[in-house]
Structures are given as C-alpha cells and as structure tokens.
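To keep things clear, I will list the structure first and then write my remarks on it.
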Amino acid sequence: MKEPEVTLERAVEHGLTEEEYTKICDILGRTPSWTELGVFSVMWSEHCSYKNSILQLKTLPRDGERLLAQAGEENAGLIDIGDGLAVAFKIESHNHPSAVEPYQGAATGVGGILRDIFTMGARPIAALNSLRFGPLDDAHVRYLFRGVVKGIGDYGNCFGVPTVGGEVYFDDSYRGNPLVNAMAVGIVKHDRVARAAAKNHGEKVFIIGSSTGRDGIHGATFASEDLSEASEEKRPQVQVGDPFTEKLLLEATLEMIRAGCVSGIQDMGAAGITCSTSEMSGAGDSGMEIDLDKVPLREENMHAYEILLSESQERMLVVAVPGKEDTIREICERWDLYVAEIGVVTREHKHVRYYWQGKKMADVPAHALVLGGGAPQYVRETKRPAWLDELNRFDVSALPDPGNYAELLLRLLSRPNIADKAWVYEQYDQSVRTNTVLGPGSDAAVVRIKGTSKALAMSTDCNGRYVYLNPRRGAAIAVAEAARNVVCTGAEPVGITNCLNFGNPYKPEMYWQFAEAIAGMGEACRALKTPVTGGNVSFYNENPDGAVYPTPTIGMLGVIDDLAHITRSHFRSEGDAVVLLGYRREEVGGSEYLAAVHGKVAGECPQLDLDEEVALQRACHVAIEHQLLNSAHDLSDGGLAVALAECCIGDRENMIGAHIKLTGWQRADFALFGESQSRILVSLPQDHLDDLRHVCSEHGVPMEVLGEVGGETLTIDGLLSCPLAELEQAYYNSLPEQMAEVAEQ
C-alpha cells in the first residue's frame, strides 16, 4: 500500500491544528509520513497529551508521606499503607465510547482501569463506578443505561473483582452525554511494584495478551471531540473487551513480576502500541526499535498505521530482564496468551522507530510525543459565564414553605438520585474474593486486606449541581464529602484520584469552570492532606444541546488500621443518643429539595469552611477510634431528614426508629432538607455522651443532641412522623416504571 501524501488539510482532519502541524514538521525537520501523522495525532490528542489541562493539573498537591509514585509517572497512583504493602488505585472515564456503544464502552472502561492496576504489580481487590445519565423517561437514555450497567457487570463479574461502590445520578444535563467513570483498587507488596519505563539498552520488548485487530483505531482522537449525530458512525472506534482473556493476562502478568522477569511494563490502552512504546521510552529516557511484522494480528492486510493505532484490548507491552525472555514466553504460553518479541530498547538514540515489511515507517523522538515532553501545553482563555450571576442571585428565602414535611420526605426518598440503587448494583458481584465488609449503599465501601488487621475504605463523589453553581467551591465540596464518606466508616483519608469531566476547553466559559474546579480541588486536598495520585481529564462532554454539568468526580481512598473500628451508617441500638456533629446553617441552593419541590437549580451552593471540615473529620475519626460510636452517617443529598430516614431503615432486617427534636431554626423546610456541609449524624450509647463532648471540645466542633433511637417511627417533634414501613416503601420500593423496566432487563 502506498501511503497517502501528508498535507495540512489531512493533519487538520486528524484533529491537529495548523500550529501543531508546523511544530511537528519542525521537530522532524521534514514533512511527516502518513504513519507518523497518525502517531502524532493520537499522542497529541487531548486524551493522551492533556495539552489543555496539564499546566492546570500541575498546580494540584502531588506530594505526601505515603506516596510511592508521583501523579502521572505510573499507570496508577501508589500509596503506602504500612506492613510492606501499598495500594494502587485510579479512576478514568469512558464517556464517549459508552455514548455510542454502551455495553462495550462500559466494559472496556472497566477492563482498561483494571489493567492499569495489575500492570503496577497489584492484584485488583475492588471496583467502583460513577454513572450520570439523563432522565430515564427518555427511551434512548434507558438503552444507554441498560447497556452500560450490563457491560460493567458482565466484565467485572467474569473477571472476578467485586464492584463494591459508586454513585448513580440522573439529570437532564447528562441526557445527550452520559458520564461513565470507572475506578479500581489493588494491593501490592513494595518489592513487587512494577514500573512503566524502558531504561536499559538492549533489553527485549514483548507484546503479550490478545492479538491486534482494527477495533479502536483513533479511539483516543474520538474521545477528544464533541459528540454529535456523526458520532454514531464511530462505533468501530469503540474497543471490544474480553474479560476471560483479561483474567489470564492478570495472572500471567503477576506471575512474571513475581518471577523477576519484568524490567518495565505498560498497559496498551489509548493509542495502543504507539502510546506504550513512546511513553515507556520517554519515562526511561531511551528509545525503541519496533518490528510491526512480529505483532500477532487477527485481521489480514493491516497497515503499519492501523497496527500502531489499534486499541485492541487485553494487551501489554513488557520489557524483559535480560536472560528472562524464555521465562516470559513460558508463562504466557502456560496462560494461553499471545507472546511475541517485537523490538528492543536502545540508548544509542532516543527515538521510537517502527518498521513494517522491511521499511522504516516512522522515526520520532520519544520525548516529542509524551505528556510533559514535546507535546503541546496550553492555557486557554477563561471567562466567567454571565448567566452565573443570575443563578447565584436567586433568593431562596422568597420560596414558599410547602409544609406537609412527611409527604416531602417520602417524595425525596423516592427520588432516583436518593432512593436505593440495589436495582443497579445487584447486577454486580459485590462479594467475590470474600473481602467486602461494607458494599454498595454504605457511605463508603470497605474491603478487608486478608492476612492483616487493616481494611481499605473507598468512595466516589461529586455533586455536579454544586460545581455548576460555583466550580471552585463545588469541587472542594466533592473532595470534602468523599473524605467525609470514608471517615464515617472509620478510615483515615490518605489520597485521591480524580476524573475531571468537563465541556469543550476551547470555549472560555467551559475552561473557566475547569480552572476554577482545579483550584478548589487543590485547596481541599491541601487542607485534608489527601494528595492527588493521578486520574483522568475528559473534555468535550457536550453535544449540540449543551455541555454536561462540570463534574470533577473524586475517588477517595482511606485506611482503617484496625478492623474493630469499621463503623456502619445505620442506627443499631434502642436507647442510643442521636447526635449531630458539625455546623448549623440553613442552605438549600443547588439541593435535591430545591430541584424536586421547586423545580430550580439555582442559588449559591453550600458554604464550605475547610478548617471546620478538617476539625469535624478529625473529631469523628477520634470518636470512632475510641469506640464511642455505634453509627456515623454523612449528611449530603436530601439533608438531615433524609439522613435520619436512611439511618432508621439502612438495615432492613433490623429497622429502628428515632425521636428527634429540632430547635432554633428559622425555616423548617431548610432545617430538614438543606444540604449544608461539614455535618455527620452519629448514634452512641448515652453513657458515651460526655466522652464525645470532650472529643468535640478538643477539636472545636459543635455537637447537638437531637434525640434518641427507638420505636417504629421517625418522629421529628412538631414537623413530621413517618412509620418505618412508609420510609422503607419510599426508599426501597418506589421505582418509577421506566427504572423497573431497566432493572428487569
């Protein structure tokens, strides 16, 4: 095949700008070949190069005592948890693929994030997800949601990793562009951590796993553009996953690492062979010579361009320790995986050179392709949206008080964003490997680490409405709430991974949202001492009808040093005191109540004082470590009344009511359903109250005794009285007809 002539017009068709094309010609000192154009187009795409976000990301806190890898240096974040163990964890998006091919888009999203974990040498122990879709009264949304949930469930269940937590939100903002964010967590011993770098001259380069086909070509470029009606034609750019092969690849990879065969290793995700060879070379300050004729193919007549850019799943690039090449072959053959030596690391030059049919098809300096190297780095124009002032000026105090608070509570409990999500997560295996202590439905998931007294707590969190109304504060709230979630289980928050879902960065209003959210996230992470270990930026989450709410999803990791400290969110004992820890404010801006009852997404999102948040979390953590509490539950969507109801009915086998008295509030509806931050609802034996007062006093945290656990109703004096059976029916059994249809299928 004769390669097409490369021109500026063709470069633009590949997603490059004129400025970028000129820069490529300058780097090479000539016009690029067709294959080289393909290489640059994927490596300089937004998805691979982070060209419009990297300078903002560098402002985030990326250092901490527990960190064993800097953000962006490895396939996943790595945090020391003591006893010679580390946790690898990461979250990434698969939004665009899921929008056009929901089953495979979601499935390969799970597969890709799992490979990021075990490429580090870590065995995956848990998966989570954050899903955001339009309303399910839309038939197309139901089709997408059904496919995504099935794709996540089928891949995770077949692979053998429990899906232990996450979040599901429905909002019109996501109707044309769903968000599918997948997170995975794994455990590795310090001496078995594998690195994604090719450093040593003469070491052999292998491709292992599945064979290579034409699926996923230009998938990275597809993820770096707006969705449109034409996007449906790009289904071939969505990869196809095989969880059974992935399981074999997991075991073979971990065996090779245990056997000391691996000098460097990287998953082949976006941009396939191109990305793994160039990034490993760039990380090791080396080059590679790659013979594409040796790559195992599953389709005939594939050109070098296609082989390099294919995103076929379940593949790894491995640099072998000298003398261990035969061991790599033996292990892969034992696990029934393709294995082929396709090249060599070189330090004589620092280029990636690709050969095919005896010809050199591409010759590019490795550093020119990679993040932080020669790839472009931009800071785009910002502009605060004019419409935001009007939204923020909305006077919530002028809203009528609707009264009938019992009916309102039941209405909120049955809302899709609050109601029980068992109809979703029951499609996932939550307990495979038998380590899950707290699964979906808890404030955070908790997974024990076998052979130790430790456990890990993990959560995903973001309220897109808050970020829409105030990007800086909303993003800080996402970090604070994710940390609060893991604290409520008894864990110390130790680090975050993030998946930053935003609109088109070339639009000043969109880029302003992004920059402000990064600033807020950084402020919260510094205050809470939860460094950013890595993650993913997903721009272009918009369609002809508009952009999604800016949604910086936070994946939070916490460590529980003693299994005895694991704390549940529901009430457990008659006679326990019910106590509110934290700060009393009357705020309903951006709340579920405001949206559900008054049909508004407006006002100011809740205030957040990071000093108050830090003090609250420390006080709660100390109280749990001193074993003062029987339960702890974060206040979030739906406010105090919803949190009380969830505490009453959280254990359906042993539901228990509560008698509550509220005093000193200006508006009852704001007191019941406002979503003020830095609040935790706890229950504890009456004889522990003085000890809790002492802890709160030491940390400067307000503490208010609200009432007592007991009975068969949730009663809030003078405001509402709801039998537990009604609360249970609203929360667990009030699926709208459209959701029931999805659940059944």
What is the minimum heavy-atom distance between [X] and [Y], and which atoms define it?
X    : Y    : result
A198 : S286 : O-OG, 2.5 Å
I152 : N129 : CG2-ND2, 3.8 Å
A196 : A283 : O-CB, 3.5 Å
E36  : M361 : CG-O, 4.0 Å
P505 : E46  : CG-OE1, 4.3 Å
A197 : G284 : CB-N, 4.1 Å

To the nearest 0.5 Å, tell me how far [X] [atom1] sits from [Y] [atom2].
X    : Y    : atom1 : atom2 : answer
E279 : L317 : CD    : CG    : 11.0 Å
L337 : L248 : CG    : CG    : 5.5 Å
H140 : L144 : NE2   : CG    : 4.0 Å
Q266 : M120 : CD    : CE    : 11.0 Å
K51  : S45  : NZ    : OG    : 7.0 Å
I257 : F118 : CD1   : CZ    : 9.5 Å

Is there side-chain contact between [X] and [Y], with at least one heavy-atom pair below 4.5 Å?
X    : Y    : result
E3   : H303 : yes
T212 : Y338 : no
I496 : F89  : no
V345 : N200 : no
C275 : V42  : no
V352 : I290 : no
E18  : V12  : no
V364 : S278 : no

Any chance you could lay out the side chain to side chain contact (heavy atoms under 4.5 Å, CB included) test for V161 and Y428, step after step, and finish with the verdict? CA-CA 10 Å; V161 64; Y428 311 146; over 6 Å; no
Is [X] reaching over with its side chain to a backbone N or O of [Y], donor-acceptor style, under 3.5 angstrom?
X    : Y    : result
R347 : D285 : yes
T7   : R10  : yes
E325 : G323 : yes
N501 : T551 : yes
D293 : Q357 : yes
E246 : F159 : no
H94  : V180 : no
S310 : S312 : yes
E311 : A271 : yes
T274 : L308 : yes

Check the surroundings of atom [atom1] in [X]: do more than 12 heavy atoms from other residues, nucleotides or ligands lie under 6.0 Å from it?
X    : atom1 : answer
K199 : NZ    : no
D26  : CG    : yes
K189 : NZ    : no

Among side-chain atoms of [X] and [Y], is any donor-acceptor pair under 3.5 angstrom?
X    : Y    : answer
T119 : N75  : no
D154 : Y103 : yes
R315 : S276 : no
N177 : N541 : yes

Determine whether M288 and E203 satisfy the following criterion, side chain to side chain contact (heavy atoms under 4.5 Å, CB included), listing intermediate values before the conclusion. CA-CA 10 Å; M288 283 189 189; E203 291 185 339; over 6 Å; no
Criterion ring pair (Phe, Tyr, Trp, His ring centres under 6.0 Å) against H14, the qualifying member of W34, W44, F40: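 Exactly one pass, corresponding to W34.
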List the steps and the verdict of salt bridge (charged side-chain N to carboxylate O under 4.0 Å, His left out) for E251 and R123. CA-CA 9 Å; E251 300 300 342; R123 181 173 290 278; 3.0 Å; yes
Could you check D291, T277, T35 and say which one makes a side chain to side chain contact (heavy atoms under 4.5 Å, CB included) with Y354?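 Result for side chain to side chain contact (heavy atoms under 4.5 Å, CB included) with Y354: T277.
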Apply salt bridge (charged side-chain N to carboxylate O under 4.0 Å, His left out) to E299 and list each qualifying residue two or more places apart in sequence or on a separate chain.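 If we apply the salt bridge (charged side-chain N to carboxylate O under 4.0 Å, His left out) test to E299, skipping adjacent residues, the hits are R214.
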Taking only Lys NZ, Arg NE, NH1 and NH2, and the carboxylate oxygens of Asp or Glu, determine whether E19 and K23 approach each other closer than 4.0 Å.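 Salt bridge flag = no for K23 with E19.
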Check this for me: does any side-chain nitrogen of one of E74 and R195 sit under 4.0 Å from a carboxylate oxygen of the other?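 Yes, this pair counts.
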Applying side chain to side chain contact (heavy atoms under 4.5 Å, CB included) to V168 and V149, what does each step give before you reach the verdict? CA-CA 11 Å; V168 182; V149 170; over 6 Å; no
If you apply the rule side chain to side chain contact (heavy atoms under 4.5 Å, CB included), what do you find for L131 with L179, and how did you get there? CA-CA 6 Å; L131 309 178; L179 302 184; over 6 Å; no
Going through the distances and angles, do R298 and D215 end up as a salt bridge (charged side-chain N to carboxylate O under 4.0 Å, His left out)? CA-CA 11 Å; R298 64 169 173 265; D215 52 320; 2.8 Å; yes
Which residues pass the ring-ring contact (aromatic ring centres under 6.0 Å, His included) test with F133, not counting sequence neighbours?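 Counting only residues at least two positions away or on another chain, F133 forms a ring-ring contact (aromatic ring centres under 6.0 Å, His included) with F145.
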Measure up the F539 and F502 rings against each other and bin them: parallel (under 30°), tilted (30 to 60°), perpendicular (over 60°).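 Taking F502 first and then F539, their aromatic rings stand perpendicular (interplane angle over 60°).
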Could you check T460, N181, T497, N536 and say which one makes a side chain to side chain donor-acceptor pair (under 3.5 Å) with T553?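 When side chain to side chain donor-acceptor pair (under 3.5 Å) is applied between T553 and each of T460, N181, T497, N536, only N181 qualifies.
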